[in-house]
Amino acid sequence: KRPIVRAARNVEAGINLIDKQEHIEQAARALKAISHPLRLKILCVIGPVSLLQEIVDAVGTSQSNISQHLAILREKGVLMTRKDANRV
């Protein structure tokens, strides 16, 4: 019985999201950003606290290229950042 209740809640939550066009548009923008192969690779290697150089080493492209893609992911709401002194 629990899986049925869980499924019903998921459907109800999905209906609530569909009711708000802004949520659909935000999700579409995020999915579009994630669909880029390099950005998807970045998301696969990134952790809760990742240094830029670690991402560069794992992905295999330049630091400036990674920074540009991270900025796009932040802009589209896929990633969040926090500032700790001079580190982001």
Side-chain angles (χ1 to χ4, degrees):
K1 195 170 185 178
R2 286 186 180 181
I4 293 171
V5 171
R6 189 176 305 129
R9 287 183 186 149
N10 290 341
V11 168
E12 182 180 329
I15 290 170
N16 290 337
L17 285 177
I18 291 171
D19 287 343
K20 298 193 180 217
Q21 184 64 27
E22 65 192 67
H23 292 155
I24 296 296
E25 291 171 6
Q26 181 182 9
R29 286 189 300 272
L31 289 169
K32 186 176 179 182
I34 293 169
S35 71
H36 187 282
L38 186 57
R39 289 194 283 266
L40 184 57
K41 191 172 184 181
I42 290 169
L43 290 173
C44 289
V45 301
I46 203 167
V49 178
S50 294
L51 298 175
L52 183 57
Q53 189 58 49
E54 292 172 345
I55 300 169
V56 169
D57 294 342
V59 173
T61 189
S62 69
Q63 183 173 338
S64 63
N65 194 11
I66 296 292
S67 293
Q68 290 171 357
H69 285 286
L70 288 172
I72 291 168
L73 290 168
R74 282 192 304 269
E75 176 187 318
K76 301 302 180 186
V78 176
L79 288 180
M80 292 175 42
T81 59
R82 66 182 167 143
K83 194 157 183 148
D84 185 20
N86 63 342
R87 298 176 87 187
V88 178

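- Residues Gln63 and Val56 come closest through the heavy atom pair CA-CG2, 3.6 Å.
- If you chain together hydrophobic residues whose side chains sit under 4.5 Å apart, Leu43 and Leu38 fall into the same group.
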(request) Take Ile46 and Leu70 through the test side-chain contact (heavy atoms from CB on, under 4.5 Å) and record every step on the way to the result. (result) CA-CA 10 Å; Ile46 203 167; Leu70 288 172; 4.2 Å; yes
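- Taking hydrophobic clusters as Ile, Leu, Val, Met, Phe, Trp and Tyr residues chained together by side-chain heavy-atom distances below 4.5 Å, Ile24 does not share a cluster with Val78.
- For the atom pair CD1 of Ile34 and NE2 of His36, the computed distance is 13.0 Å after rounding to the nearest 0.5 Å.
- Heavy-atom neighbours of Asp84 CG from other residues, nucleotides or ligands within 6.0 Å: at or below the threshold of 12.
- The distance from the CD1 atom of Ile66 to the CD1 atom of Ile42 is 4.0 Å, given to the nearest 0.5 Å.
- Follow the hydrophobic side-chain contacts under 4.5 Å out from Leu79 and you never reach Ile72; the two are in separate clusters.
- Heavy-atom minimum distance, Lys76 versus Ala33: CG-CB, 3.7 Å.
- When all heavy atoms of Glu54 and Ser50 are compared, the closest pair comes out as OE1-CA, 3.8 Å.
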